[in-house]
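Just below is one structure, and these are the notes that go with it.
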Amino acid sequence: VWRRVVNMASRKQLKQEAISQLCDILERAKAAGLPQEKIRSCLESEDLVSVFKSAESDRRSCWKYTRYLSPYFIIFNVLPAMLLLALVGYPLYELTNESPCLVPKPELLIDLIQPLLDCKFCENVTEAPRLRNITPYEFVHNYAYTSRPSLVVGAASEWPAVGLFTYDYFKKLYQQVPEAMDADINSGHFFSYSSRIKDLKELFEMSAERASMASEKWYIGWSTNDPYIGKELQKHFSAPSFLPPGSSELGIAWIFMGAPGPGASIHIDSVELPSWQAQLSGTKTWTLTPPPECEHVCHRFNITVHKGDIIVVDTNSWYHETYVHPGNISITIGTEYR
């Protein structure tokens with residue numbers, strides 16, 4: 001038994017259990033009348049000494065890392081470093097006001113730190129229900145807050161924005177009020193995807209050939225924060241009739257536009273609420289993929305959205321990518337809802 005205990009400990013396995021068994025053996029040795037000299041010789045064996053040296057080494061290694069969490073280290077090392085970073089960082093922000101981020105946002109890292117989800121939201125979901133003429137009461141009680149995607153057919157077909165919102169419309173709108181473009185560039189979001197278009201200014205200053213996608217296809221998206229742009233756009237679309245009044249923040253809209261072919265690459269969003277998106281031109285297919293922790297009970301599937309349809313999806317829960325079908329340019333507008 002003694003040799004088994006020493007071997008267990010020397011392999012650095014279950015050291016606490018080995019020590020407990022060792023103490024038990026020593027008590028049994030004393031009770032059996034084993035001479036003290038014999039017990040001492042066992043305790044001084046090279047194998048056992050090496051075990052306790054290893055344990056002491058592990059303790060010191062642990063301290064090497066845990067000492068960084070001590071109040072002394074935090075007060076006299078971490079806090080001064082944070083203060084210095086703030087003093088240096090703010091002037092750098094002022095100097096780089098046009099592009100305040102010195103390092104691009106790591107999208108992969110954002111995906112990795114997403115909280116784990118309860119897989120009930122996607123369990124047994126293999127397609128999105130196609131709804132027609134649904135009332136706000138029915139939608140709220142059965143679909144709105146379940147994180148399960150749905151497609152409301154023809155819900156935007158009567159909006160003036162259908163057919164009106166084009167590349168030329170947005171270009172003229174922004175160029176009429178340059179400060180509005182500056183506001184959306186500085187405070188909004190712009191997604192270039194694989195198009196290599198930097199921002200709204202570059203989007204609306206491109207050549208007619210590139211704008212028509214004759215020489216190069218592109219797909220982009222942006223958010224509108226400027227009040228003037230928001231008011232002008234709202235003249236031509238409204239909150240979906242199946243949502244409760246006041247539930248959508250129409251002043252902050254998301255617009256996505258691009259040529260047939262790949263649209264947004266697969267990603268998951270980090271926004272606060274679920275959202276809806278109306279297809280104003282073209283046809284686009286969404287591929288929804290459950291998060292990795294739910295792949296054992298949930299399934300990947302597609303939703304094809306035609307002109308005039310509205311898709312409702314919780315983009316914080318589903319990984320998603322899009323594909324624009326051959327034919328017309330795809331233009332969508334949407335926002336989050338409460």
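These numbers were taken from a predicted model, which means no experiment stands behind them.
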For the side chain of Tyr219 and the backbone of Phe256, is there at least one donor-acceptor N/O pair under 3.5 Å apart?
-> no
Check against side chain to side chain contact (heavy atoms under 4.5 Å, CB included), Lys235 and Lys231 = CA-CA 7 Å; Lys235 294 178 180 178; Lys231 288 181 180 179; 5.7 Å; no
Trace of the side chain to side chain contact (heavy atoms under 4.5 Å, CB included) decision for Phe190 with Ile185 | CA-CA 8 Å; Phe190 188 87; Ile185 289 175; over 6 Å; no
Would you please name every residue forming a side-chain hydrogen bond (donor to acceptor under 3.5 Å, both in side chains) with Thr315, sequence neighbours left out?
-> Asp269
Value rounded to 0.5 Å, distance of CD1 in Ile266 from CD in Glu321 | 4.5 Å
Taken to the nearest 0.5 Å, the spacing of Ile303 CD1 from Asp309 CG works out to 11.0 Å
Among pairs that include at least one residue of residues 177-223, which meet disulfide (SG to SG under 2.5 Å), considering only residues two or more places apart or in two chains?
-> none
About how many Å separate CD1 of Ile329 and NZ of Lys217, when rounded to the nearest 0.5 Å?
-> 11.5 Å
Would you say Gln279 and Ser330 make side-chain contact, with heavy atoms under 4.5 Å?
-> yes
Residues forming a side-chain hydrogen bond (donor to acceptor under 3.5 Å, both in side chains) with Asp184, sequence neighbours excluded | Tyr174
In one Ile/Leu/Val/Met/Phe/Trp/Tyr side-chain cluster, 4.5 Å: Met257, Ile310 | yes
Verify side chain to side chain contact (heavy atoms under 4.5 Å, CB included) between Ile229 and Leu173, making sure each step is shown before the conclusion.
-> CA-CA 8 Å; Ile229 297 296; Leu173 178 63; 3.7 Å; yes
Looking at Trp222 versus Phe170, is the centre-to-centre ring distance below 6.0 Å?
-> yes
How far apart are the C-alpha atoms of Ser248 and Glu336, what are their side-chain angles, what is the distance that settles it, and do they pass the side-chain hydrogen bond (donor to acceptor under 3.5 Å, both in side chains) test?
-> CA-CA 6 Å; Ser248 291; Glu336 299 168 44; over 6 Å; no
Is Tyr169 close to Leu233 at the side-chain level, that is, under 4.5 Å between some pair of heavy atoms?
-> yes
Which pairs count as disulfide (SG to SG under 2.5 Å) when at least one residue sits in residues 292-338, sequence neighbours excluded?
-> Cys119-Cys294, Cys122-Cys298
Are Val125 and Leu117 in one and the same hydrophobic cluster, where Ile, Leu, Val, Met, Phe, Trp and Tyr link if side-chain heavy atoms are under 4.5 Å apart?
-> yes
Residues at least two apart in sequence or cross-chain that pass ring-ring contact (aromatic ring centres under 6.0 Å, His included) with His306, listed by chain then number, are none
Please list all pairs passing the disulfide (SG to SG under 2.5 Å) test where one or both residues lie in residues 127-225, with sequence neighbours left out.
-> none
Can you name the side-chain hydrogen bond (donor to acceptor under 3.5 Å, both in side chains) partners of Gln277, sequence neighbours left out?
-> Lys284, Thr332
Atom NE2 of His320 and atom CD1 of Ile268: how far apart are they, to the nearest 0.5 Å?
-> 8.0 Å
Would Tyr337 and Leu131 show up in the same hydrophobic cluster when neighbours are defined by side-chain heavy atoms closer than 4.5 Å?
-> yes
Enumerate the residue pairs fulfilling disulfide (SG to SG under 2.5 Å) with a member in residues 150-235, sequence neighbours excluded, ordered by first and then second residue.
-> none
Roughly how far apart are Glu232 CD and Gln176 CD, rounded to 0.5 Å?
-> 7.5 Å
State, with a plain yes or no, whether a side-chain heavy atom of Asn302 is found less than 4.5 Å away from one of Trp286.
-> no
Residues two or more places apart in sequence or in another chain: which of them pass side-chain hydrogen bond (donor to acceptor under 3.5 Å, both in side chains) with Thr304?
-> Thr285
Applying side chain to side chain contact (heavy atoms under 4.5 Å, CB included) between Thr224 and each of Ile255, Thr335, Ile252, report the one that passes.
-> Ile255
What about Val271 and Leu273, same hydrophobic cluster or not, with Ile/Leu/Val/Met/Phe/Trp/Tyr joined at side-chain heavy-atom distances under 4.5 Å?
-> no
With Arg132 via salt bridge (charged side-chain N to carboxylate O under 4.0 Å, His left out) - residues at least two apart = none
Looking at Asp226 and Ala180, what are the two nearest heavy atoms and their distance?
-> OD2-CB, 3.3 Å
Could you tell me whether the side chain of Thr287 reaches within less than 4.5 Å of the side chain of Tyr319, counting heavy atoms only?
-> no
Considering all heavy atoms, the nearest Pro149-Leu288 contact | CG-CD1, 3.5 Å
Does the side chain of His189 reach to within under 4.5 Å of the side chain of Trp254, using non-hydrogen atoms?
-> yes
Test item: Trp276 and Val313 side chains (from C-beta on) under 4.5 Å apart, heavy atoms = no
Cut-off 3.5 Å, no hydrogens considered: what does the side-chain donor-acceptor table look like for residues 199-211, sequence neighbours left out?
unit_1	atom_1	unit_2	atom_2	d
Asp199	OD1	Lys201	N	3.2
Asp199	OD1	Glu202	N	2.9
Lys201	NZ	Glu205	OE2	3.0
Glu202	OE1	Lys198	N	3.2
Ser207	OG	Arg210	N	3.2
Arg210	NH2	Ser195	O	3.0

Correct closest heavy-atom pair for Ala156 and Ala278 would be CB-CB, 4.0 Å
For Val140 and Phe242, what are the C-alpha separation, side-chain angles and deciding distance, and is it a side chain to side chain contact (heavy atoms under 4.5 Å, CB included)?
-> CA-CA 8 Å; Val140 166; Phe242 54 82; over 6 Å; no
What residue pairs, at least two apart or across chains, pass side-chain hydrogen bond (donor to acceptor under 3.5 Å, both in side chains) with a residue in residues 137-156?
-> Thr135-Glu138, Ser147-Asp314
Aromatic ring proximity, centroids under 6.0 angstrom, Trp318 and Phe121 = yes
When clusters are formed by joining ILVMFWY residues with side-chain heavy atoms under 4.5 Å apart, either directly or through shared neighbours, do Leu151 and Ile331 land in the same one?
-> no
Heavy-atom count around Asn133 CG within 6.0 Å, excluding the residue itself: above 12?
-> no
Work out which heavy atom in Pro178 is nearest to a heavy atom in Gln175; give both atom names and the distance.
-> CD-O, 3.9 Å
Spatial distance of atom NE2 (His299) from atom OG1 (Thr126) [nearest 0.5 Å] | 7.0 Å
Should the heavy atoms of other residues, nucleotides or ligands under 6.0 Å from CD of Glu272 be counted, would the total exceed 12?
-> no
Please step through salt bridge (charged side-chain N to carboxylate O under 4.0 Å, His left out) for the pair Arg196 and Glu216, ending with a clear verdict.
-> CA-CA 11 Å; Arg196 296 181 289 113; Glu216 181 182 354; 2.8 Å; yes
Between Ile220 and Phe191, is any pair of side-chain heavy atoms under 4.5 Å apart?
-> no
Do the side chains of Phe165 and Ser281 get nearer than 4.5 Å, heavy atoms only?
-> no
